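Here the structure comes first, spelled out in structure tokens, and everything after it is commentary.
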Amino acid sequence: MGTVFLVALECCSLLGIVWTSWAVPAAGEVPEPPSGMRFIVGGVYTPLFKAEGVEQATTVAPFYLDIYPVTNAQYMAFVQANLRWRRSQVSPLLADAAYLYHWQADSPLPEVDAAIAQRPVTYVSWFAARAYCRWQQKRLPSSAEWELVALASETAPDGRMDPGYQARLLEWYTLPDPAVPPLIGSGQKNYWGIYDLHGSIWEWVADFQAAFVTGAARGDKEAEGDRFCGFGAFAVSEQERVNYPAFMRYAYRSSLRGTYTLHNLGFRCAKDLP
Amino acid sequence: MQKRALAWDSRGVGSVLRLGLILLVGLVIGEASTRAQSTKPGGAPAAPAEVTGQETAVMTDAPLVPPPIKRDHPTKVIVNLEVREVVQRLADGVDYVFWTFGGRVPGKFIRVKQGDVVEFHLNNHPSSKMPHNIDLHAVTGPGGGATSTFTAPGHSSQFSFTALNPGLYVYHCATAPVGMHVANGMYGLILVEPREGFPPVDREYYIMQSEFYTRGRHGAEGLQPFDMEKAIEERPTYVVFNGAVNALVGDNALKANVGETVRLFVGNGGPNLVSSFHVIGEIFDKVYAEGGTAVRQENVQTTLVPAGGAAIVEFKLEVPGTYVLVDHSIFRAFNKGALAMLKVDGPDDKRVYSGREVDETYLGEQAPEGYAAAQRIAALGKKVEETIKQTPAIATMTKEIQVEKGKLMFMQTCAVCHQTNGQGLPQVFPPLAGSDFLMADKARSIRIVLRGTSGPISVNGTTYDSVMPPVVQLTDEQVANVLTYVRNSWGNTGEAVSADEVRLERENHN
Amino acid sequence: MRLCWRLSALAVLVGYLLLGAWSAALAATDHTGHADHTALPAATYSARSIYQLESVWTTATEQPLRLGHLQGKVQVLAMVYTTCEAACPIIVSLMQLIEATLPPELHPHVGFVLVTFDPERDTPGVLSAYSARMGLDPMSWSLLSGHPDDVLELATLLGIKYKRDQSGGFIHSNVITVLNNAGEIVHRHEGLQQDMTSTLDAIRWAVQD
């Protein structure tokens with residue numbers, strides 16, 4: 001009897017092991033994500049550019065990502081708690097002259113506030129975005145993390161092979177920007193449960209300045225030879241037709257500096273697992 | 001008082017004359033030296049003049065061109081070019097988001113002079129979605145300026161260059177993906193006048209051809225997004241002059257008068273197609289091919305404008321009317337929009353162009369006259385044939401020709417077995433020379449060549465029992481020639497064999 | 001009466017002596033050497049000074065350092081890493097060239113700073129050995145390592161782009177920055193050309209200010 005019991009126990013525990021290794025980590029496996037964030041299981045992301053000596057594929061460890069971009073209301077709370085990030089006080093080294101331009105004052109006027117509270121905050125610099133994420137004990141996502149999550153369509157983790165989906169993404173780049181960004185959550189929700197990665201605003205990433213496109217796409221291989229150490233074999237492959245939106249984001253990022261604030265550039269935060 | 005009065009004595013006159021002489025000589029020398037300087041052979045001054053002064057560039061929207069530059073020295077020119085992304089009409093009922101230099105497609109026309117130092121400011125409007133830059137083909141330096149002007153929305157970049165080479169140059173955005181930026185309208189022209197300028201004309205116009213690639217078909221209404229697939233496969237939906245269908249048609253047509261010389265600065269923004277530029281009803285008196293500064297050709301109907309290139313054409317207008325400018329890859333003109341107009345007013349000149357003079361019916365072959373002529377020709381042809389056949393001399397010559405041709409064919413085809421002297425191979429291949437078997441039956445010899453033979457035959461008293469395969473590769477005429485040769489060689493004499501006879505034998509047994 | 005005066009005079013004298021000793025003591029602690037732990041609050045730096053960054057770095061002699069301690073001298077700053085074989089040695093020699101070309105009277109007023117992209121491998125010990133190998137005078141040269149986040153922040157502030165490559169090294173822009181006494185960027189020398197004229201001019205101007 002005892003033997004049977006032991007065997008049964010072993011079988012059950014064996015089954016238990018097998019079960020959990022099959023499933024996507026269930027609620028019991030990973031700590032509950034902080035509110036407003038989702039768990040991203042990670043994976044391997046192949047960056048756009050092909051170069052000798054540069055990692056072709058980046059392993060992205062599991063992490064948490066904000067479901068929505070940071071809103072004006074949330075950023076307002078940050079500014080009130082950190083007065084040196086007020087529009088009138090901010091250091092010119094950390095944000096340019098158009099910082100929080102759309103607030104028109106240190107705090108947005110009530111009518112402005114109502115209109116923009118639930119829209120992604122824009123006109124914020126990289127330094128400002130970083131400071132906000134730090135204040136929340138979070139951080140900016142890396143470009144590999146952001147792009148990995150952004151690969152997903154509504155129904156699949158990798159939407160690159162879905163030509164209809166890619167065409168819809170590309171369309172956003174060919175349409176004019178609306179006067180204000182759309183309300184958060186009005187964009188598409190992707191496979192991971194993350195909203196508004198496409199069709200809303202451009203978003204800051206921690207390593208935006210690692211994008212090396214100087215602007216002359218044909219010249220990136222040699223012309224800037226002595227400005228960049230180790231640059232010689234760099235080439236951005238335009239043949240990645242399936243991922244033109246990623247290509248354009250790459251080009252966009254390389255035109256930015258940390259102090260830039262733009263009408264269509266905001267951010268969301270990420271967080272490491274405990 | 002007396003001392004004061006001018007003393008017109010000999011001494012006074014002498015000194016005045018001397019003075020005058022000196023002055024005169026001085027003037028002559030001075031005049032001669034300036035004249036010598038300005039007519040120095042070769043045209044170009046000995047050393048480039050110093051860059052002095054500063055001015056802001058006068059820029060225009062197509063089809064207008066800034067006026068020719070009057071100053072005779074290089075200067076610093078400040079150019080402020082704004083990049084704006086705007087929604088505008090591409091065709092009737094069709095809108096498109098154009099990425100522009102200066103708010104319109106094509107971008108502003110910039111006019112400077114060789115040797116000018118251009119201080120270039122590229123300003124990307126804050127409402128832009130994308131970063132942009134500029135590559136001017138007139139610039140000597142990395143990326144044509146592109147590496148120094150990569151600009152995020154709401155920012156400005158500046159760089160300077162010296163316009164070393166004169167000519168008409170394209171400029172365009174070179175931000176990755178370059179094809180998309182160009183396809184959305186980011187191009188224009190910059191003219192660098194040579195030091196001596198261009199010869200004056202009465203009118204100058206700015207025309208730029210380009211293509212657009214939209215998701216919807218040609219004419220599909222609404223705001224059309226850019227279609228990357230079509231662009232990569234070079235299947236444009238629209239091919240237009242100056243950024244839209246009918247941009248230079250009707251009230252917007254170019255204008256000129258009879259007797260005027262018109263110069264067109266023609267650019268091609270691409271992104272893909274080469275243009276075969278033609279003005280219907282006019283001939284280009286002068287073509288500065290590819291936008292260079294030398295007149296490479298005169299009296300040209302259609303000139304090529306490369307993608308990312310330009311051309312300058314000049315023509316004098318002799319008669320009034322509406323002249324249609326096209327890309328002579330003609331479906332682009334009539335089905336995709338590559339069509340513009342030049343309306344010319346003024347007095348007629350019937351000697352140059354009379355207009356319609358006569359209008360009457362034309363019946364072609366149905367006309368009795370024409371039919372009779374054809375019949376007469378056919379009858380004559382038959383008569384010639386018969387005459388040839390009946391004239392012995394001609395008939396003999398014909399046989400000789402057959403023998404010659406047949407000999408060549410025999411050597412290639414038959415000599416292998418029957419030998420070049422017609423003797424054959426004893427006990428294997430029968431001889432043809434002096435062969436009773438051959439000469440006894442012409443029709444049989446034709447049949448043997450066409451279908452081959454096997455089984456025993458008796459030739460000149462000897463039995464041969466071999467196989468001769470059919471000679472399938474020869475035409476009727478060639479068979480006739482070979483047999484004519486064989487029947488008239490090595491002591492054989494016989495009639496010629498005609499191709500008709502061969503044909504009959506071939507048909508009889510099929 | 002006389003005694004009163006004498007006593008008061010004595011009191012005043014003692015007071016003066018005490019005051020002198022106290023200010024001397026103050027003066028003794030108030031030095032702008034690298035090893036100082038206290039830092040001035042961010043607000044004391046000008047709006048354009050990079051010294052407003054609160055990051056704490058480690059020197060080659062393992063001392064903590066806030067960037068603000070570099071204040072008071074013109075600083076010539078570059079970001080490199082010791083295992084770099086391509087451009088970094090050239091950057092350092094260019095900085096040494098600047099040092100050699102400056103007139104001697106300017107030397108006390110100009111410092112040189114190297115910040116590493118690679119704090120994992122370039123520990124203080126490694127930096128110290130590197131400094132010795134390159135013949136860098138510790139009195140004028142500071143070699144700093146810091147937290148990767150702070151390295152990113154400083155690089156972004158200075159407009160320097162960098163990225164890890166597959167061999168564990170870095171692809172990075174080549175920039176030498178000149179900061180004035182207050183820590184404001186007054187000049188950038190981009191690329192690896194040898195012509196230092198404008199950089200030297202910028203340094204001279206900054207010292208004179």
Side-chain angles (χ1 to χ4, degrees), chain A residues 47 49-58 82-84 88-97 125-131 133-134 139-140 142-144 204-214 220 223-234 253-260, chain C residues 41-43 45-55 67 78-81 83-91 94 117 148-175 179 182-185 188-194:
Chain A
F49 40 87
K50 298 179 180 17
E52 291 164 21
V54 176
E55 271 189 58
Q56 298 305 305
T58 313
N82 297 273
L83 295 176
R84 65 196 171 97
S88 56
Q89 298 295 316
V90 74
S91 159
L93 224 52
L94 303 178
D96 68 18
S125 67
W126 177 79
F127 295 102
R130 259 170 126 243
C133 289
R134 259 203 195 138
R139 57 172 176 79
L140 282 175
S142 68
S143 55
W204 283 112
V205 289
D207 56 345
F208 79 93
Q209 41 78 40
F212 274 100
V213 177
T214 58
D220 280 327
E224 296 295 295
D226 90 328
R227 281 178 183 261
F228 297 105
C229 177
F231 202 57
F234 226 75
R253 284 186 208 124
S254 54
S255 76
L256 298 173
R257 289 182 193 262
T259 52
Y260 279 16
Chain C
Y45 300 108
S46 86
R48 293 217 153 268
S49 168
I50 73 162
Y51 298 151
Q52 61 189 273
L53 292 179
E54 288 167 347
S55 44
L67 291 175
M79 297 185 75
V80 295
Y81 63 107
T83 52
C84 168
E85 278 154 33
C88 308
I90 302 180
I91 295 180
L94 287 175
F117 288 116
D149 270 357
D150 296 333
V151 173
L152 184 60
E153 188 178 42
L154 180 64
T156 307
L157 211 59
L158 297 174
I160 294 174
K161 302 186 178 190
Y162 69 101
K163 184 169 179 65
R164 260 204 190 278
D165 71 21
Q166 208 156 37
S167 57
F170 292 85
I171 305 171
H172 59 91
S173 21
N174 301 320
V175 179
L179 305 172
E184 298 164 341
I185 299 173
R188 297 175 91 240
H189 179 94
E190 286 196 61
L192 302 171
Q193 310 110 35
Q194 289 234 328

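Every chain is numbered from 1 and lettered A, B, ... according to where its sequence line falls, protein lines coming before strand lines. All values derive from a computational prediction rather than experimental measurement.
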### Message
Given heavy-atom pairs under 4.5 angstrom as the criterion, report whether the side chain, backbone, both or neither of C:Glu85 touches chain A.
### Response
neither

### Query
Would you call the rings of C:Tyr81 and C:Phe117 parallel, tilted or perpendicular if under 30° counts as parallel and over 60° as perpendicular?
perpendicular

### Task
Can you sort out the partners of A:Phe127 under ring pair (Phe, Tyr, Trp, His ring centres under 6.0 Å), two or more places apart, ordered by chain and number?
none

### Query
Which one, A:Leu94, A:Val90, A:Leu93, leads in non-hydrogen pairs under 4.5 Å with chain C?
A:Leu93

### Task
Sequence neighbours left out, what passes side chain to side chain contact (heavy atoms under 4.5 Å, CB included) with C:Arg188? Give chain and number order.
C:Val175, C:Ile185, C:Glu190

### Task
Without swapping roles, check the side chain of A:Trp126 against the backbone of A:Ala206 for a donor-acceptor pair under 3.5 Å.
yes

### Task
Measure distances from C:Ile50 to the heavy atoms of chain A and classify the residue's part below 4.5 Å as side chain, backbone, both or neither.
both

### Message
Taking side chain as everything from C-beta outward and backbone as N, CA, C, O, which of these in A:Arg130 sits under 4.5 Å from a heavy atom of chain C? Side chain, backbone, both or neither.
### Response
side chain

